[in-house]
Amino acid sequence: MKVQVAIIGAGPAGLLLGQLLHKAGVEAIIVEARSPDYVLGRIRAGVLEQVAVDLLDAAGVGARMHAEGLPHRGFSLLIDGARRRIDLHGLTGGKQVMVYGQTELTRDLMDARQNAGLPTVYEASKVSVHDFDTGHPRVRYEKDGAAHEIECDFIAGCDGFHGVCRASVPKSAITHFERVYPFGWLGLLSETPPVSDELLYVKHQRGFALCSMRSHTRSRYYLQCALSESVEQWSDERFWDELRRRLDAQTAASLVTGAAIEKSIAPLRSFVAEPLRFGRLFLAGDAAHIVPPTGAKGLNLAASDVRYLSRALIDFYAGSNEGIDRYSERCLKRIWKAERFSWSMTMLLHRFPETNAFDQKALEAELDYLVHSVAGQTTIAENYVGLPFTD
Ligand code: APR
Ligand code: PHB
């Protein structure tokens, strides 16, 4: 088979890239290791920056997001029992975010691709990438026991942190920057009304908590927990009791609890690979970087990479190499700003029992300054809604 672009991975990055390329007349196939149900079953984040909203509209898949998504003009920080609202709309000249679950966004993209009759190979095994340092890269995979090969012009590595694309780059050609955090997030999804109209990020002596949502009837909560803990140790009752203990009395009293639809523990890490281009292979999304979810940047960074990569590939077929030549440089400038914000929010809001006492006091003073100064709140707000594109 021959195609212009072979996309590895049918998560948000791969599906969005495929849709934007299709809209511009660039043909692409997506090769995905898992089944559609498995991809949809991964419960992930739910806050979209305007850049992600705009890209979904450009891809022609924004209708349900606008119908069912929740525009949010602010969020709050609950710091040792004191609540402070960050007025996103007021501090950023009218910007806001959209609360819309990644599962729903992925479903919209999958439906659009299927309705357009575009090729997607699910449950592909033994996926491998070859000759991306030449002008004729190839992708090999097996499906139902039969071996297949795709000849293409470009390979888009949208296969996530554990994918095959980054792993196929010679170690001498790539640099990893990484920080692993000494705790995880225990997440719970419940068919209960959210405890707060806007997101509530909680800093407490017992640990971080986050009160989020998927709709007016479906809530998403997180608790900082030790990496040694397992989901089996956390009954629903234990989860709700611990969440109440980290909330202020009024919020705790209004919490509506219910059975967990989903419950899981995710580790937290900051990770960036440099560069993001290797001849005809490009990395995008979680294949290129990971952020701790404290800044709600994971999905938005994937969208940002795809904005650059889709334009670069479309421009290539229109006769310009400028986009592919500057892809890595442009993406990394934006990636590192989002990495910094996510790292900072994680350091400021979580409990680090092993941290040097001075450093902990300095972090507390920094948070106190940020939430009590317009300049500080503006910094948080500008980064949370998404920094403007400069090119
Ligand atoms: N071959 C084919 N597909 C693969 C392979 C492989 N060797 N390895 C992984 N995949 C698939 C995974 O099954 C997954 O569906 O690649 C996809 C990668 O999707 P994501 O991990 O969702 O990454 P991305 O599309 O970059 O989206 C980033 O999604 O995971 C969240 O927190 C993350 O919000 C961020 C966003
Ligand atoms: C979520 O709703 O899953 C969510 C929201 C904001 C975050 C992280 C996760 O920062």
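Just so you know, ligand 1 is whichever comes first in the structure, and atom 1 is the first atom listed for that ligand. Because the structure is a prediction, the values reported are computed rather than measured.
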Student: Can you sort out which atoms of ligand 2 are near Val47, meaning under 4.0 Å from one of its heavy atoms?
Tutor: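 Ligand 2 atoms under the 4.0 Å threshold to Val47: 5 (C), 6 (C).
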
Student: If the cut-off is 4.0 Å to any non-hydrogen atom of Ala296, which atoms of ligand 2 fall inside it?
Tutor: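 Those qualifying, in numeric order: 6 (C), 7 (C), 10 (O).
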
Student: Numbering the atoms of ligand 2 from 1, which are under 4.0 Å from a heavy atom of Arg220?
Tutor: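 Those atoms are 3 (O).
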
Student: Taking only heavy atoms of Leu199, which atoms of ligand 2 are found under 4.0 Å from at least one of them?
Tutor: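 The atoms of ligand 2 under 4.0 Å from a heavy atom of Leu199 are 5 (C), 6 (C).
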
Student: On the ring face of Phe161, is Arg166 found with NZ or CZ under 6.0 Å from the centre and within 45° of the axis?
Tutor: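 Here Arg166 passes the 6.0 Å and 45° test against Phe161.
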
Student: So which protein heavy atom does atom 8 (C) of ligand 2 come closest to, and at what separation?
Tutor: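 For atom 8 (C) of ligand 2, the nearest protein heavy atom is Pro293 O, 3.3 Å.
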
Student: Other residues, nucleotides and ligands only: do more than 12 of their heavy atoms fall within 6.0 Å of CG on Asp368?
Tutor: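 Yes.
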
Student: Measure Ser212 to ligand 2 on non-hydrogen atoms and call it side chain, backbone, both or neither using the 4.0 Å cut-off.
Tutor: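 Side chain only; the backbone of Ser212 stays clear of ligand 2.
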
Student: Using the rule given for ring-ring contact (aromatic ring centres under 6.0 Å, His included), can you reason through Tyr122 versus Tyr38, listing the C-alpha separation, both sets of side-chain angles and the distance that settles it, and then say yes or no?
Tutor: CA-CA 10 Å; Tyr122 283 100; Tyr38 184 94; over 10 Å; no

Student: Would you mind telling me if ligand 2 is within reach of the side chain of Thr294, the backbone, both or neither, using heavy atoms under 4.0 Å?
Tutor: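 It is the backbone that gets close, since no side chain atom is under 4.0 Å.
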
Student: In this structure, are over 12 heavy atoms from other groups packed under 6.0 Å from Arg34 atom CZ?
Tutor: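 No - once you tally the heavy atoms of other residues, nucleotides and ligands closer than 6.0 Å, there are 12 at most.
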
Student: I'd like a table of the close N/O pairs between ligand 1 and the protein (anything under 3.5 Å), one pair per line with both atom names and the distance.
Tutor:
residue, atom, partner, partner atom, Å
ligand 1, 3 (N), Ala33, N, 3.1
ligand 1, 13 (O), Glu32, OE2, 2.6
ligand 1, 15 (O), Glu32, OE1, 2.8
ligand 1, 15 (O), Glu32, OE2, 3.3
ligand 1, 15 (O), Arg42, NH1, 3.3
ligand 1, 15 (O), Arg42, NH2, 2.7
ligand 1, 25 (O), Pro12, N, 3.3
ligand 1, 25 (O), Ala13, N, 3.0
ligand 1, 26 (O), Asp286, N, 2.8
ligand 1, 29 (O), Gln102, OE1, 3.4
ligand 1, 29 (O), Gln102, NE2, 2.9
ligand 1, 30 (O), Arg44, NH1, 2.1
ligand 1, 30 (O), Asp286, OD2, 3.4
ligand 1, 34 (O), Gln102, OE1, 3.0
ligand 1, 34 (O), Leu299, N, 3.1

Student: Verify the distance criterion only: is there a donor paired with an acceptor across the side chains of Arg245 and His204 at less than 3.5 Å?
Tutor: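 No.
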
Student: List the closest protein heavy-atom neighbour of atom 6 (C) of ligand 2: residue, atom name, distance to the nearest 0.1 Å.
Tutor: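 Its nearest protein heavy-atom neighbour is Tyr201 OH, 3.3 Å.
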
Student: Within the supplied structure, the quantity of interest is the number of heavy atoms (other residues, nucleotides, ligands) at a distance under 6.0 Å from Trp343 CH2; does it exceed 12?
Tutor: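 It does not: Trp343 CH2 has 12 such atoms or fewer within range.
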
Student: Counting heavy atoms not belonging to Gln250, are there more than 12 under 6.0 Å from its CD?
Tutor: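 No - once you tally the heavy atoms of other residues, nucleotides and ligands closer than 6.0 Å, there are 12 at most.
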
Student: Quick one: nearest non-hydrogen protein atom to atom 3 (O) of ligand 2, plus distance?
Tutor: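 Protein heavy atom at minimum distance: Tyr222 OH, 2.6 Å.
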
Student: Is Arg214 touching ligand 2 with its side chain, its backbone, both, or neither, if touching means heavy atoms under 4.0 Å apart?
Tutor: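 Just the side chain.
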
Student: Are the side chains of Ser219 and Val195 in contact, using a 4.5 Å heavy-atom criterion?
Tutor: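 Side-chain contact under 4.5 Å: no.
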
Student: State if Arg44 counts as touching ligand 2 under the rule of any non-hydrogen atom under 4.0 Å.
Tutor: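 Heavy atoms of Arg44 do come under 4.0 Å of ligand 2.
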
Student: Verify the neighbour count for atom NE2 of His136: are there more than 12 heavy atoms of other residues, nucleotides or ligands below 6.0 Å?
Tutor: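 Atom NE2 in His136 is not crowded, with 12 or fewer foreign heavy atoms closer than 6.0 Å.
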
Student: State whether the shortest distance between N or O atoms of Leu210 and N or O atoms of ligand 2 falls below 3.5 angstrom.
Tutor: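 Not met; the criterion fails.
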
Student: Please say which of Trp185, Phe239, Phe208 ends up in a ring pair (Phe, Tyr, Trp, His ring centres under 6.0 Å) with Tyr222.
Tutor: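 That would be Trp185.
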
Student: Find all atoms of ligand 2 within a distance of less than 4.0 Å from any non-hydrogen atom belonging to Gly46, and give their numbers and elements.
Tutor: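 Going through ligand 2 atom by atom, the ones under 4.0 Å from Gly46 are 1 (C), 2 (O), 3 (O).
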
Student: Using the ring pair (Phe, Tyr, Trp, His ring centres under 6.0 Å) criterion, which residues pair with Phe352? Sequence neighbours excluded.
Tutor: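 Phe352 satisfies ring pair (Phe, Tyr, Trp, His ring centres under 6.0 Å) with Phe183 once adjacent residues are dropped.
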
Student: I would like to know whether Arg44 and Thr106 meet side-chain hydrogen bond (donor to acceptor under 3.5 Å, both in side chains); could you show each step before the answer?
Tutor: CA-CA 11 Å; Arg44 295 287 169 71; Thr106 304; over 6 Å; no

